[in-house]
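Every heavy atom of this structure was used, including side-chain atoms; hydrogens, water molecules and symmetry mates were not.
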Amino acid sequence: MDLYMMNCELLATCSALGFLEGDTYHKEPDCLESIKDLIRYLRHEDDTRDIRQQLGAAQILQNDLVPLVIQHHNDKQLFDAVIRLMVNLTQPALLCFGKVPQDPTFRHHFLQIVSYLQAYKEAFADERLFGVLSEKLYDLLQMEWEQREEEHNLLIERILLLVRNILHVPPDPEEEKSVDDDASIHDRVLWAIHMSGMDDLIKFLASSETEQQWSMHVLETVSLMFRDQIAEHLAATGQARSTAERDTDIKNLEILRQREMAEKKNRALQRGNRHSRFGGSYIVQGLKSIGDKDVIYHKGLQNFKNYTHDLGKEMRRVPKRKQQAKDTEARRRSALNVRLFLKEFCIDFLENCYNRLMYIVKDNLIREKAQQHDETYYLWSMAFFMGFNRLFHFKPELVSETVSIRTFHFIEQNLTNYYEMMLTDKKEATSWARRMHLALKAYQELLSNVHEMDHSKEEAVRESSKIIKNNIFYLMEYRELFLALFRKFDETKQPRSFLKDLVETTHLFLKMLEKFCKGKQTVVVQNRRVKRKKKKSSVSGTKAAQPKSIEELEAIWTNVSEQLRTCTLDSANLPDSVVPFDAASEIPVEEQRAEALVRIQDGLFSGHASEALVLLRSAREVWPEGDVFGAAEIEPEEETELLKQILFADLPRSTQAEIEDLGEEEEEEEIEEEELTSVQVSEKEFNVLDYMKRFANSNVVKTYVLLLKNYQQNSAHTNHCVAKMLHRIAYDLKMEALLFQLSVFCTFNKILVDPAASAYKELVVFSKYILNKFFSLAATNNKAYVELLFWKNTNVIREMTEGYRKLGEEESEGNRKRIKWTPEDDEELRSLYLQLKEVEDVDVVDNILANLKPGTRTRKQVINHLVQMGLADSVKDFKNEVKGTRIVLWTEDQELELQSLYEEFKDTDDILGNIMKNVTAKRSKARIIEKLISMGLVFDRKELYKKRRKMGKSSGMSEEEFLHELEFDGKHSVEDVEEDEEEEEESEEEEEQREDLKYKQNAKVQTGGKMEPFTDKKIQHLVHTLQQEGLSGPLLWLQNCLNRTAEDKEEDGSSQAIPLVPLTEDNEDAMENKTFQKLLKKLGIRAPANEQESFWRIPGKLSPEQLRKAASCLVPLAAEVAHDVLASSEEQETNVEQRAEALRALLLARKKKSTVQQELQEEKSPEKSLESHTQKRRPKTAKKRSVMVDSDEENSIENTNVPEHKESEQLPPDANTETETKLNRPNKSKKRSRIVDSDDDDDGSMTEEQGKEPLELDQKGSLSESDTEENVQPTKKKRLIIEDEDED
């Protein structure tokens, strides 16, 4: 910037600072005020940072501010103001502009400020300046904590920020073109810091307990001091060169010498013997030119090897967005004295400061006390100092703070976060890639330290390393990390140095993993599988979307018109007014008129005439114009006719209106959507080869080949890492065809013709191996040369080596082959379907698959073809396949094999496991157990459980014992473990079916072949015995649980087994009572199946009618108990819940007696009785249930003991109807995992219930039977929901 363009006021202010005469600076009287004015100007500069640029062009810092600090540092106010101004002027350009500007004008200003900062850094390479700063900082740190004031802390922070800003200034590549071992400006600044003693103060701040607040500043300063250093070079400074280093240098020199000799030889061959004018012209046969003729070559034959069609063409310009990312790290070796001083600093820092400082910094990062992206300094410092410690004299205790599982987790979290941000934040992808590179280097150094700990002489260090490796190899995140980084590598955003570090880190990880697994029979690791559940579509929405016929509409109107007539006559009983529009919707209120018409029509469809009428009247008030919803003073008859027109109208329905429902239902939908995806965590046996197969992917191989292209610039270790991975894929996995690609072969050719090929023996041998494999394959597969043009997956590789698939087959070999259906196949399928569709209790598709040729068709293919042939209307006509049930029929040979296997392994500890290993036809555990029981070889499934030997220890279990407790055998394969997980639900369902079948058979035997399962006199005797033992409360609890389960099954149709969870001590004691357990078995409740179940369970196959029958058999006795409880509760009103349960039991007793009396009256007209009984038995929702036939004999027998009259039975029909209408209010269904009693019922609600008649209380609070005439559906009692916990 031109000084003549400087602002006049700014120029006058700078002139008032003072002047320099020789080495003495004379300050003006207004010097302090001028400094403050400059600070004020900087505060109000524009977006181009004009004030900052003008001050930099005037060299105010070099000519005025630095001399003021050196010569007038005793003036406290002036010193504070100058330091404040210098901190402002030296702040990084990125902080001034926020980011690197893309606009050319602003980018020019940005680069201008960077050039001024580089000039400032050169001015700070002064020992006197840092001497003054060190003295001031030392005096401030000498002050006691109580004596320090706020201004003292601000001055400490500003001095540290000033040092940080100067060290942060980037080097100027044009000015610093010096060779290694020459002092750069950064080295001169570091030497000034060392000579002034500032480095000792920095170490003191890092180690002091009272100066923890400066930890982040200290870490930034230290990391910037070592910015240009390499830990390996710094650790070797001052030591004699090792033999390995000398060998490496000799090897590199030999490579250069061989290449130089080859170039000289090549130039000698190109020099022709004849004069250049007589070079001649040649026709190259077989090589076509642009036309159809052969190429004519006009140069000497010695140059023909370099001929290509691209000669003379212009190189295509690569777009900037597709250019390779450049390495920003320009490393150079500092001067020897600087390196020696930095080495001593590192040693002292590790011994006295590292662990404490890193602990404090990490705590600040976790608690978010630091600034954004400050974790990058932490990651860099970890990688550098741990590397220095490992290479100098490895002492793990010096870096113990960062060698831990928590550090692995911290780095993995940040690495994953950077990786995700790089993919999402496209504009800042390069910055995120640099941060990811820092995290990767920290991860690499952490693995290197753990690997070094394995070779330690101390047993404790080796044991610590073993524990760390156990954890990182067990968790899935650390194993999947490298695969994700390889697959998403982008060379336009990530430099080659990142790829080099990634390859070397992966090589180290695999090397440690192979060593860890070597010599061990089984290694168990964690596995995670994401299960995505399909969201259930609402049935009501589907039905409403289907158009209805005229007959259906007439039937609906017949039912609705009667309700409308009642509602128009009695307006007092109508529900409250409904808002006909959605005020929160983006659709204007005027445009929601059509939505209101659809809502009225839906209300008529669902039979809620009163709600439709109220909605019509509310809409009339909102939209009175046009009389769309009727006139203001409309007659009831006209209103009814208008509703009929709306019912029969074909209204347009929007998708949003069909999907959206009431607000509460929307909340339930959101909860369901959150539960759609679940992560299932399990354990599996680890196999190194299976893990290596994950790397046999074209995306992974591409990255390795990309790094291999630069084999000449790579280090020997990097080339070894690349060759080792490709060798694992080609040799260990036998997938050498994955490398049959033209770009790979070009690289191999470049290696083979390299004059210095002897220095790359490993790559040369591997290249020849791959080429030999390819030419061997090409001799049998003439399409191999075409395959060179494409990257291949595993299926293509298999086809290349084993033969290509035929037409009509699927590409995936893992799936079934899709063979076309011939007319003979169609006829066979038709005959099998017509023959087997009438067979009951057996799935027709399973029977068809059993009769077809094994392995030719899948279940889905058979079902789809049946629908195509017209034998079935829809795929939904067939029930869904249950996993593990594909093999249904047992042949005679299979039964004999199973019997012989049982005889062979019946004395072993794991009978079932050994049978499953050796059986020919693989089946699930549940199928084998069921067959063994049906064959009479075992009588109880517990005989097949794995026998566990008792250990000598009385308390506690090791991890191995715990896995054996869960019947997890490490010798099983991964497929067996996953199959067991998938068959767990199936075995539980089959066990419930057997319990249900046994339960029905017992009931038929007791009732002479009729299904009346709960009429056994033993049940009555057991109930009576339990009452005498004082277990009346648990009986009421059991009765309520059965009724609640019945109600839940009617509402949501769930078929899961429901655990009975006792929460009170009385109920827990009852569940342990032998008599109570006998009663549970009589009622069909299943005991815990194995050691993994803790609670008795209500089988999922019991229908609501069966559950209510089971509850009703406790009613006669429960009525007597209820009277006693009511009497006692009047004296003691504290137990409100017990009183409510007693009232429910009393109501159920009365209802049962009234039901029996009505059935006696209906015996006189059997036909009407049967018809009305059938209508009352009709369920509200269609679902599968067990068939039950009511026994009239039992009702007639029980009728002899029933009183003749009850007041509740003498109500008039109208009153009964009105009561039924009021009580017929459906409750919202909620899924629950277990039914438990809740002692948290609101006292207020119970107080209101106590003040009313018992009948009214029961109508509000009791759980009714689905078969009663009143059809009572009360609100649910508040209950606690406990999710099932996996005991393993």
Side-chain angles (χ1 to χ4, degrees), residues 92-94 97-104 106-108 110-115 117-118 168-180 184-186 223-224 226-230 232-233 315-333 373 376 379-380 383-384 415 418-419 421-423 425-442 444 485-505 702-715 717-719 721-722 743 747 750:
L94 279 175
F97 289 89
K99 61 179 181 179
V100 179
Q102 300 297 327
D103 182 77
F106 280 92
R107 190 175 182 85
H108 170 73
F110 176 84
L111 296 175
Q112 195 71 32
I113 289 180
V114 171
S115 64
L117 288 173
Q118 292 166 351
H168 188 274
V169 175
D172 187 1
E174 297 297 329
E175 295 293 333
E176 298 187 4
K177 289 185 177 180
S178 56
V179 297
D180 287 343
S184 64
I185 294 178
H186 190 76
S223 61
L224 291 172
F226 292 88
R227 180 181 60 190
D228 296 334
Q229 305 301 320
I230 300 175
E232 184 178 2
H233 295 167
M315 293 292 293
R316 179 177 295 180
R317 183 181 179 185
V318 181
K320 188 176 181 181
R321 58 187 178 85
K322 291 185 178 181
Q323 292 178 359
Q324 293 182 358
K326 297 180 181 178
D327 289 323
T328 56
E329 301 176 357
R331 299 293 179 86
R332 58 178 301 279
R333 196 164 54 196
H373 307 314
T376 54
L379 296 172
W380 184 93
F384 182 84
L415 194 56
Y418 297 152
Y419 162 75
M421 291 303 297
M422 188 190 72
L423 297 180
D425 190 1
K426 301 294 184 181
K427 293 183 178 179
E428 298 294 331
T430 307
S431 300
W432 291 112
R434 282 199 295 267
R435 298 184 187 109
M436 187 163 61
H437 193 184
L438 287 174
L440 179 64
K441 287 196 287 189
Q444 178 185 12
L485 294 178
F486 273 120
R487 288 172 180 168
K488 295 297 181 181
F489 176 77
D490 186 358
E491 62 177 335
T492 62
K493 300 178 179 64
Q494 296 166 297
R496 292 291 175 88
S497 58
F498 174 84
L499 182 57
K500 180 184 78 70
D501 289 331
L502 178 59
V503 168
E504 293 179 356
T505 308
K702 283 179 186 177
T703 56
Y704 275 90
V705 173
L706 189 66
L707 187 61
L708 184 61
K709 288 180 179 179
N710 296 334
Y711 72 95
Q712 295 179 351
Q713 287 78 33
N714 295 339
S715 64
H717 177 65
T718 303
N719 287 332
C721 295
V722 175
S743 61
T747 304
K750 185 179 177 182

Mutual orientation of the aromatic rings belonging to Phe384 and Phe226 [parallel < 30°, tilted 30-60°, perpendicular > 60°]: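 Judged by the thresholds at 30° and 60°, the geometry between Phe384 and Phe226 is tilted.
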Step-by-step side chain to side chain contact (heavy atoms under 4.5 Å, CB included) determination, Thr492 to Gln323: CA-CA 6 Å; Thr492 62; Gln323 292 178 359; over 6 Å; no
What is the distance from atom [atom1] of [X] to atom [atom2] of [Y], rounded to the nearest 0.5 Å?
| X | Y | atom1 | atom2 | answer |
| --- | --- | --- | --- | --- |
| Arg496 | Leu706 | CZ | CG | 4.0 Å |
| His373 | Trp432 | NE2 | CH2 | 4.5 Å |
| Leu117 | Asp172 | CG | CG | 12.0 Å |
| Glu428 | Lys99 | CD | NZ | 6.0 Å |
| Leu440 | Arg435 | CG | CZ | 16.0 Å |
| Lys441 | Leu502 | NZ | CG | 13.5 Å |

Verify, without hydrogens or angle tests, whether [X] (side chain) and [Y] (backbone) share a donor-acceptor contact under 3.5 angstrom.
| X | Y | value |
| --- | --- | --- |
| Asn714 | Leu707 | yes |
| Arg107 | Gln102 | no |
| Gln494 | Asp490 | yes |
| Asn719 | Tyr711 | yes |

Is there side-chain contact between [X] and [Y], with at least one heavy-atom pair below 4.5 Å?
| X | Y | value |
| --- | --- | --- |
| His186 | Arg227 | yes |
| Leu485 | Met436 | yes |
| Phe486 | Val503 | yes |
| His108 | Pro104 | no |
| Ser497 | His437 | yes |

Side chain to side chain contact (heavy atoms under 4.5 Å, CB included) between Phe110 and Leu94, worked out: CA-CA 8 Å; Phe110 176 84; Leu94 279 175; 4.2 Å; yes
Qualifying residues under side chain to side chain donor-acceptor pair (under 3.5 Å), relative to Gln118, sequence neighbours excluded: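 With sequence neighbours excluded, Gln118 shows a side chain to side chain donor-acceptor pair (under 3.5 Å) to no residue whatsoever.
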Minimal non-hydrogen separation, Lys493 against Ala429, with atom names: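 Answer, listing the atom of Lys493 first, then Ala429: CD-CB, 3.3 Å.
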Stepwise side chain to side chain contact (heavy atoms under 4.5 Å, CB included) test for Thr376 and Tyr418: CA-CA 11 Å; Thr376 54; Tyr418 297 152; 4.2 Å; yes
Full working for side chain to side chain contact (heavy atoms under 4.5 Å, CB included) between Arg333 and Ile230: CA-CA 8 Å; Arg333 196 164 54 196; Ile230 300 175; over 6 Å; no
